Amino acid sequence: MELHLPTDPREMHDAIAGAVMADPVANTLLGSMLDGPVERLWCAMDPDRPGVLAVRSAARFPVVLTPGWTPADAPALAEVISEVPALRAVSGGVEVVEAVADAVAQRTGRDVSDRLAERLFRLDSLDEPRGIPGWSRTTGPRDRALLNEWIVAFTQEVHAPQADPRIIVDRLIENESPLGRLWLDSSGRPVALAARRAASGGCARVGPVFTSPAERGHGYAAAVTAAVTREILEGGAVAVLFTDASDPGPNRLYQRLGYRPVRDLAQIFLT
């Protein structure tokens with residue numbers, strides 16, 4: 001099998017958009033890529049299977065494999081992925097990612113350094129949490145310093161790629177419809193944050209979700225996640241999110257709100 005590596009940004013954009021429209025839930029990460037500069041995209045595709053793609057949006061992010069790849073595709077994928085500059089990680093279905101990461105390691109002499117077990121959830125009907133004191137409001141310019149602090153703390157806790165927090169904060173507060181919500185406790189003090197992406201293909205992803213460490217255990221994360229999820233549903237979209245599949249706490253929390261597992265994935269890091 002010979003994979004096609006498009007160099008025309010418009011061709012890559014159109015291929016990604018087609019995959020998102022075909023399965024917006026499974027390809028929610030690709031939907032986010034459509035919001036960024038197309039000049040940074042790297043893409044590989046199988047000409048015989050439209051919508052089956054390997055895509056990276058920028059150097060600090062993993063190569064994402066869409067549904068449709070199989071472990072039998074690992075040698076062909078490893079051949080092209082091994083040439084990706086500053087390759088950091090590969091993400092996708094568990095079996096195919098394991099096969100691809102092993103094949104890349106064999107070709108390049110690199111080591112598999114770490115792995116993250118992820119679970120994709122979707123929600124169609126919200127089960128409202130009850131009895132949590134406080135209320136939510138949208139994020140705004142007055143929250144900039146707090147949001148910067150919390151986004152940095154979140155990326156450190158979950159070992160996320162180190163993006164400039166100011167870019168994320170700008171997204172949360174500078175849209176016509178802000179994409180972040182804060183939960184305020186009974187005294188009106190911000191204690192938790194939930195963010196979301198704009199809808200793409202009728203699907204909008206929740207995250208990050210963060211509660212100030214001193215305020216955990218009171219249900220604030222559930223309350224603010226429910227608030228931002230409600231906004232997504234009221235806009236006519238399906239809500240999705242990712243969890244660390246090995247962490248039972250968030251997995252229980254989101255399922256109490258009505259989120260249901262879609263598929264398990266792996267992100268495997270290379271050094």
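Heads up: numbering here begins at 1 and tracks the sequence. Here the structure is a predicted model, which is why all the values come from computation and not from measurement.
Thr28 and Arg205 form a side-chain donor-acceptor contact under 3.5 Å, judged by distance and modelled atom types alone. Side-chain atoms of Asp185 and Ser187 include a donor-acceptor pair closer than 3.5 Å.
Note that the OG atom of Ser136 and the CG atom of Leu193 stand 11.5 Å from one another [nearest 0.5 Å]. Interatomic distance, Arg107 CZ to Ser82 OG, rounded to the nearest 0.5 Å: 5.0 Å. To the nearest 0.5 Å, atoms OG (Ser32) and CD1 (Ile16) are separated by 11.0 Å. For the atom pair CD1 of Ile151 and CD1 of Ile167, the computed distance is 12.0 Å after rounding to the nearest 0.5 Å. Distance check: Trp150 CH2 to Ile168 CD1 gives 15.0 Å after rounding to the nearest 0.5 Å. Atoms CG and CZ, from Leu147 and Phe154 in turn, are 13.5 Å apart once rounded to the nearest 0.5 Å.
Side-chain atoms of Asp143 do not come within 3.5 Å of backbone N or O of Leu146 as any donor-acceptor pair. At least one donor-acceptor pair closer than 3.5 Å links the side chain of Asp247 to the backbone N or O of Gly249. Judged purely by atom type and a 3.5 angstrom limit, Asp46 has no side-chain atom pairing as donor or acceptor with the backbone of Leu3. Side chain of Thr139 to backbone of Leu172: a donor-acceptor contact under 3.5 angstrom is found. Between the side chain of Thr66 and the backbone N or O of Leu53 there is at least one donor-acceptor pair closer than 3.5 Å.
Residues satisfying the side-chain contact (heavy atoms from CB on, under 4.5 Å) criterion with Arg130, sequence neighbours excluded, are Glu128. With sequence neighbours left out, His4 forms a ring-ring contact (aromatic ring centres under 6.0 Å, His included) with no residue at all.
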Open item on the list: side-chain contact (heavy atoms from CB on, under 4.5 Å), that's the test. Do Val52 and Trp69 meet it? Break it down for me.
Closed with: CA-CA 7 Å; Val52 179; Trp69 298 108; 3.4 Å; yes

TODO: Let me see the working for Glu83 and Leu5 under side-chain contact (heavy atoms from CB on, under 4.5 Å), right down to the final yes or no.
DONE: CA-CA 11 Å; Glu83 302 300 322; Leu5 277 67; over 6 Å; no

TODO: Could you please spell out the steps behind the side-chain contact (heavy atoms from CB on, under 4.5 Å) verdict for Arg88 and Leu270?
DONE: CA-CA 6 Å; Arg88 181 175 182 270; Leu270 297 156; over 6 Å; no

TODO: Would you please test Arg189 and Glu215 for side-chain contact (heavy atoms from CB on, under 4.5 Å) and show each step?
DONE: CA-CA 11 Å; Arg189 182 170 51 101; Glu215 306 297 339; 2.8 Å; yes

Name the atoms and distances for all side-chain donor-acceptor pairs under 3.5 Å in residues 235-246, with sequence neighbours left out.
from   : atom 1 : to     : atom 2 : distance (Å)
Thr243 : OG1    : Asn251 : OD1    : 2.8
Asp244 : OD1    : Ser246 : N      : 2.9
Asp244 : OD1    : Ser246 : OG     : 2.6
Asp244 : OD2    : Ser246 : OG     : 3.4

Below 3.5 Å, can you tabulate the donor-acceptor pairs from side chains in residues 94-106 to any protein atom, sequence neighbours excluded?
from  : atom 1 : to     : atom 2 : distance (Å)
Glu98 : OE2    : Arg115 : NH1    : 2.9
Glu98 : OE2    : Arg115 : NH2    : 3.2

Counting only pairs under 3.5 Å, give me each side-chain donor-acceptor contact of residues 72-80, with atom names and distances, residues two or more places apart or in other chains.
from  : atom 1 : to    : atom 2 : distance (Å)
Asp73 : OD1    : Arg49 : NH2    : 3.2
Asp73 : OD2    : Arg49 : NH1    : 3.3
Asp73 : OD2    : Arg49 : NH2    : 3.1
Asp73 : OD2    : Thr70 : N      : 2.9
Asp73 : OD2    : Thr70 : OG1    : 3.4

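Considering all non-hydrogen atoms of both residues, Ala54 and Trp42 come closest at O-CZ3, 3.6 Å. The shortest heavy-atom contact between Ala59 and Arg56 is O-NH1, 3.5 Å. Across Ser200 and Val20, no two heavy atoms sit closer than the pair OG-CG1, 3.7 Å. Listed here is the closest heavy atom pair of Leu120 and Val25: CD2-O, 3.6 Å. When every heavy atom of Leu123 is checked against every heavy atom of Gly258, the shortest pair comes out as CD1-C, 3.5 Å. Residues Ala153 and Phe210 approach most closely at CB-CZ, 3.7 Å, considering heavy atoms.
Among Asp127, Thr225, Thr229, Asp124, the one residue that satisfies the side-chain hydrogen bond (donor to acceptor under 3.5 Å, both in side chains) test with Tyr259 is Thr229.
For residues 249-264, the pairs satisfying salt bridge (Lys or Arg N to Asp or Glu O under 4.0 Å) are Arg119-Asp264, with sequence neighbours left out.
No chain of hydrophobic side-chain contacts below 4.5 Å, direct or via other Ile, Leu, Val, Met, Phe, Trp or Tyr residues, connects Leu257 to Val224. The hydrophobic cluster containing Ile81 also contains Val112, counting ILVMFWY residues as joined when their side-chain heavy atoms lie under 4.5 angstrom apart, directly or transitively.
Atom CE of Met21 sits in a sparse spot, with 12 or fewer heavy atoms from other residues, nucleotides or ligands closer than 6.0 Å.
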